[in-house]
Protein chains: 2
Amino acid sequence: MTLAQPEARPYHHGDLSRALVEAARRILETDGPAALSLRAVAREAGVSPAAPYHHFKDKGQLLDAVAHEGWVALDAALMKARQDSDDDRRRMTNLGVAYVTFARDNPALYRVMYDCSRDKDALPDQMKEEGAYCQVRNTIAHAAGDGVSEIDLELATIAAWCAGHGLAEMSGFKQFESLKALLGGEEAFLKAVFDHLGMFAKFDRG
Amino acid sequence: MTLAQPEARPYHHGDLSRALVEAARRILETDGPAALSLRAVAREAGVSPAAPYHHFKDKGQLLDAVAHEGWVALDAALMKARQDSDDDRRRMTNLGVAYVTFARDNPALYRVMYDCSRDKDALPDQMKEEGAYCQVRNTIAHAAGDGVSEIDLELATIAAWCAGHGLAEMSGFKQFESLKALLGGEEAFLKAVFDHLGMFAKFDRG
DNA sequence: CATGTTATCTAAGCGTTGTTCAGATGGATC
DNA sequence: GATCCATCTGAACAACGCTTAGATAACATG
């Protein structure tokens, strides 16, 4: 993370677009999503409130850029989790745990990622080609073998993704704290829930 | 739905709290969550912008009231779905379909429900006692029989709930439209995804 | 019935937000 | 060196959440 904070103040501010996105992520991490106003971002970047409009059409477009960075980071996290495991079933669970962990570690960013995806015609790029979504599908495909149909594969991926997203959003609910403690921590809790989801039921049975 | 819209304008406006919540739901349904400002609610209810503050501490508390109505409505929807089915497994699927359908039919309200629950110490009442959450747990308990432990039951409920919530949030993504059409409609799509989730894997195997 | 108390509502205002626009600034091009 | 164009600023607008002071009407008490 190369923070280019208040290092003097250049003439025209070399690369504002990037500085703005970084400022946004900084605010997001420290003060939460509620504090993420365009003016605050401009303030953090050290420019006037109108400056961002020369780089982004509106606030939404800035958030889109932030969200995109989030998807890239999630991509990397899933890639790492997939490579760190050998067994098919464990790989699937690890993928799920990595997904939820990412959401838990970057809650505000995760929120922005989905808020931006909603009400858009297409899914974010990262869920289409070479992205996180495909990583999940490929993992499932590898585990399921050749006998699985294209439709079943797609459905299983969607099911797994929805389960992960649901758990990612809800695992922060404080009502679950006691259960987590009972199971021995966050990760044990996540694994237990994923185990009960039985994403592989379809293929285990058939 | 007894709308008490512009029927003259009383002296002190008989029951503003209720009128405000109804106005909020009306705005939510027609203009979406982005248009839901306190001032807009007051306008819709025909009172001054400051009037709501005599009934709700702040905007968040108004949304809490709206969210509460949402949970009650979801409760009823799940109750109906549970009674309309006899077989255990089908009952579980129907419950899931009813849940997601509710979210799809009231997307803005559903959003408010979860936005209000987040960052709160406790889950909403409706997820605790006699509420939707318990309906799911009871259904699972009935299907699983006596041999299931308390922890497994809780985990299975959480798993099912997360899957439902995830699908509820994502089933609106337009990227899935083609798959939905291929499967023959929204409900067929939902059932297919739930089938691939295999919520009962744990009990089917054991 | 007159009086005072209390709940409710309005009017006006503060600080903040997203966004626009006219004008200043300065790097790049001829 | 004059011109051009991207970039940035300052000021402004409407709308927002929220507060305060004061009006209004229901209610309770004498």
Side-chain angles (χ1 to χ4, degrees), chain A residues 4-28 30-67 108 111-112 115-116 118-119, chain B residues 4-28 30-67 108 111-112 115-116 118-119:
Chain A
Q5 219 154 358
E7 50 179 45
R9 49 201 74 176
Y11 24 77
H12 257 197
H13 199 303
D15 185 0
L16 227 195
S17 326
R18 176 144 215 95
L20 287 172
V21 174
E22 284 172 2
R25 289 196 59 173
R26 231 175 297 140
I27 293 174
L28 222 42
T30 59
D31 299 333
L36 189 65
S37 68
L38 235 188
R39 292 177 109 105
V41 173
R43 223 175 293 139
E44 171 83 16
V47 295
S48 85
Y53 286 90
H54 295 267
H55 299 266
F56 301 98
K57 186 177 137 271
D58 54 15
K59 183 184 179 184
Q61 208 163 86
L62 207 198
L63 293 189
D64 283 345
V66 175
R111 195 91 41 92
V112 170
D115 284 347
C116 285
R118 228 187 310 265
D119 307 330
Chain B
Q5 218 154 359
E7 48 178 46
R9 50 202 73 177
Y11 25 76
H12 257 197
H13 198 304
D15 185 1
L16 227 196
S17 326
R18 177 145 216 93
L20 287 172
V21 174
E22 284 172 1
R25 291 196 58 174
R26 230 175 299 141
I27 293 174
L28 224 42
T30 59
D31 299 332
L36 190 65
S37 68
L38 237 187
R39 292 174 110 105
V41 172
R43 223 176 295 138
E44 169 83 16
V47 295
S48 85
Y53 287 91
H54 294 266
H55 300 266
F56 302 97
K57 184 177 140 272
D58 53 16
K59 183 184 179 183
Q61 209 164 86
L62 208 198
L63 293 188
D64 282 346
V66 174
R111 195 94 39 93
V112 170
D115 283 346
C116 285
R118 229 188 310 267
D119 307 329

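Naming convention: chains lettered A, B, ... in sequence-line order (proteins, then strands); numbering from 1 in each chain. Source: prediction; values computed, not measured. Just so you know, these numbers use all the heavy atoms, side chains as well, and skip hydrogens, waters and symmetry mates.
Partners of A:S48 by side chain to side chain donor-acceptor pair (under 3.5 Å), not counting sequence neighbours: none found. Residues meeting the side chain to side chain contact (heavy atoms under 4.5 Å, CB included) test with B:A108, sequence neighbours left out: B:L28, B:P33. Remark: B:R118 pairs with A:E169, B:D115 by the salt bridge (charged side-chain N to carboxylate O under 4.0 Å, His left out) rule, at least two apart or across chains.
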Open item on the list: Across nucleotides 11-23 of chain D, 5' to 3', mark each nucleotide with B, S or - according to how protein heavy atoms within less than 4.0 Å reach it.
Closed with: -B---BBBB----
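C:dG18 atom P lies 15 Å from atom CD of A:Q61, rounded to whole Å. Taking atom CG of residue B:L16 and atom P of nucleotide D:dA25, one finds them 16 Å apart after rounding to whole Å.
The stretch residues 53-65 of chain A participates, sequence neighbours left out, in these salt bridge (charged side-chain N to carboxylate O under 4.0 Å, His left out) pairs: A:D64-A:K120.
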Contacts under 3.5 angstrom, residues 36-43 of chain B side chains, donor-acceptor by atom type, not counting sequence neighbours:
from  : atom 1 : to    : atom 2 : distance (Å)
B:S37 : OG     : B:A40 : N      : 3.0

